[in-house]
Amino acid sequence: MKKRPHDKRDPYRLRTRLIHGHFKSERWDFDHHIIPPISASTAYRLGSVHRGAQGFVEFASEEAEMSGHVPIYIYDRLDEPTRGLLEENLAYAEGGETAVCFASGMAAISAALGVTLKAGDEVIAHHTLYGCTYSLLTSWLPRFGIQVTFADLRDQASFLQAMTDRTRVVYFETPVNPTLELIDIAELRRWIDEVQAARPSGNRLVMIVDNTFATPYCQRPLALGADLVVESLTKNIGGFGTDMGGVVVGPHQYHGPLLMFRKDFGGVLSPKNAWPILVYGLPTLATRMVNQQKTALRVAQFLERHPKVARVAYPGLESFPQYELARRQMVSTDGKFAPGSMIYFVMKGDEQQANRAAERFIDYIADHAYCITLAVSLGQIRTLIEEPYSMTHSALPDEVKRERGLEPGGIRLSIGLEDWHDLIDDLRDAFEHV
Ligand SMILES: *Cc1c(COP(=O)(O)O)cnc(C)c1O
């Protein structure tokens, strides 16, 4: 069997590996390039009917994936080399056996759910989720006969109460977008295994983790017991805010089904979008995260001390309610604490006052701040601010948001690479004007 990119014998560290990549690939011969070229060919010359037929036989087959020989490329939507290189490098970063890329994070999440669920199955999801994921689970999956139950996945009793013999998938983000609650992945694995062992049907339970907030630099869910990892490449992995993308990473058994799903549902990542993520995004991920994290801690400490702020959630703060879990779960591959670049905070006052203050604060920043931008999305080199209640999480019903600690007036900050003094100056100035 060919040496896999995540091979444990490999002595180089993640930061170095992300820069030099797995560029010597079976997928494409470009020995004399330092930078992998962009392929731009929707269809491929096949040479003979026999070779064309063989390509269709081998597509999405496990034997072909494991064989190590150059794939027979047929058509972009099936498989193509630039995206294939990105997939090898993402699998390596997450410590998974295989990765399949999609046109966006949502296309990747749809595929992960699509290959693990069928009509009659049920999903248990953590009660707070990115707005579009919530809307996918509650407005689309039920149309295909799949029901979702929400639970607090930090609490075993809540998890068990939601469990039925039809449950097939347990789905969550950690840290949760936007509240930054953490789910203990290894602990939840133990709860799932207990349920699994006692199941009369033997139906397999699949744990899917959205690792978008943490990125593989800060956290590798597969090593902690997740079955599949999904990620938006649009955020910190792409890192520069130029291209959308998504990925599903997991064991070999999902490789074929994910390729087939992508082929037939069509949410394929274009090689022109895969290329900047491969060449600029992944190689700078470690460096960006290290620097964004340092700034995030300084900004979180500034916010925590500010008299107009009621509450700050950042996993790197000692006051963070799950600080001990953060230190255990959010670590780089060198074992360093890696609490990420996202901050959530709430202004002081009753709900109405806090809400008004937040709106004035964000509007002031939109008008006056030089280095903080009002925009959705996250994980860019530029610091972004938004109000999740009315923007990224508007798909969640009001009472659901309130119950789940997502209050009107809550503010999400995605820390970029600016000098931290400048960020704090812009924030201080805005506080003076609310
Ligand atoms: C943005 C985001 C997604 C969706 O990704 P897209 O690339 O925008 O489709 C999914 N999960 C989380 C946690 C996100 O922040």
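Position 1 is the first residue of the sequence; numbering continues from there. Just follow the structure's listing: the first ligand is 1, and inside any ligand the first atom is 1.
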Novice: Look at atom 4 (C) of ligand 1 and say which protein heavy atom is nearest, naming residue and atom and giving the distance to 0.1 Å.
Specialist: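 Atom 4 (C) of ligand 1 sits closest to the protein heavy atom Tyr130 CE2, 3.5 Å.
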Novice: Tell me whether the rings of Tyr44 and Tyr73 are parallel (<30°), tilted (30 to 60°) or perpendicular (>60°).
Specialist: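 Rings of Tyr44 and Tyr73: tilted, as their planes differ by 30° to 60°.
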Novice: Return yes when Leu129 approaches ligand 1 closer than 4.0 angstrom through a heavy atom, no otherwise.
Specialist: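 No; Leu129 lies far enough from ligand 1 that no heavy-atom distance drops under 4.0 Å.
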Novice: Do me a favour and list the nearest non-hydrogen protein atom to atom 1 (C) of ligand 1 with residue, atom name and distance?
Specialist: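 That would be Lys235 NZ, 1.4 Å.
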Novice: With no hydrogens and no angle check, just 3.5 Å: does a side-chain donor-acceptor pair link Asn355 and Tyr389?
Specialist: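 Their side chains do not contain a donor-acceptor pair, so the 3.5 Å distance test is not met.
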Novice: Backbone or side chain, does any N or O of Asn177 fall under 3.5 Å from an N or O of ligand 1?
Specialist: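 N/O-N/O distance below 3.5 Å exists for this pair.
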Novice: Please confirm whether Ile109 approaches ligand 1 to less than 4.0 Å, judged on its heavy atoms.
Specialist: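 The answer is yes, since Ile109 has a heavy atom less than 4.0 Å from ligand 1.
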Novice: State the atoms of ligand 1, each with its element, that fall below the 4.0 Å cut-off from a heavy-atom position in Ser232.
Specialist: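 It comes down to these atoms of ligand 1: 3 (C), 5 (O), 6 (P), 7 (O).
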Novice: To which protein heavy atom is atom 6 (P) of ligand 1 closest, and what is the distance rounded to 0.1 Å?
Specialist: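 That would be Gly105 N, 3.3 Å.
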Novice: For atom 12 (C) of ligand 1, what is the nearest protein heavy atom, given as residue, atom name and distance?
Specialist: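 I find the closest protein heavy atom is Asp210 OD2, 3.4 Å.
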Novice: Out of Met244, Met106, Met342, Arg412, indicate the one that has the non-hydrogen atom closest to atom 8 (O) of ligand 1.
Specialist: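 Looking at heavy atoms only, Met244 sits closest to atom 8 (O) of ligand 1.
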Novice: Does the Lys NZ or Arg CZ of Arg17 fall within the cation-pi geometry relative to Tyr12 - under 6.0 Å from the ring centre and within 45° of the axis?
Specialist: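 Ring-cation test returns no.
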Novice: Would you check whether Gly245 reaches within less than 4.0 Å of ligand 1, judged by its heavy atoms?
Specialist: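 A heavy atom of Gly245 does come that close to ligand 1.
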Novice: Assess whether atom OH of Tyr323 is packed by more than 12 heavy atoms of other residues, nucleotides or ligands within 6.0 Å.
Specialist: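 Yes, OH of Tyr323 has more than 12 neighbouring heavy atoms, counting only those of other groups under 6.0 Å.
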Novice: Is Lys235 positioned over the aromatic face of Tyr130, cation under 6.0 angstrom from the ring centre and no more than 45 degrees off axis?
Specialist: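 Pair Lys235/Tyr130 counts as cation-pi.
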Novice: Phe213 versus ligand 1: do any nitrogen or oxygen atoms come within less than 3.5 Å of each other?
Specialist: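 Checking ligand 1 against Phe213, no N or O pair falls under 3.5 Å apart.
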Novice: Backbone, side chain, both or neither: what part of Leu378 comes under 4.0 angstrom of ligand 1, heavy atoms only?
Specialist: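 Just the side chain.
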Novice: Would you verify whether the NZ or CZ of Arg311 falls within 45 degrees of the ring axis of Phe345 while also being under 6.0 Å from that six-membered ring's centre?
Specialist: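 No, a cation-pi geometry is absent between Arg311 and Phe345.
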Novice: Parallel, tilted or perpendicular: which one describes the rings of Phe302 and His306, with boundaries at 30° and 60°?
Specialist: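 Rings of Phe302 and His306: perpendicular, over 60°.
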Novice: Given the ring of Phe337, does Arg328 sit roughly above its face, with NZ or CZ under 6.0 Å from the centre of the six-membered ring and within 45° of the axis?
Specialist: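 No, a cation-pi geometry is absent between Arg328 and Phe337.
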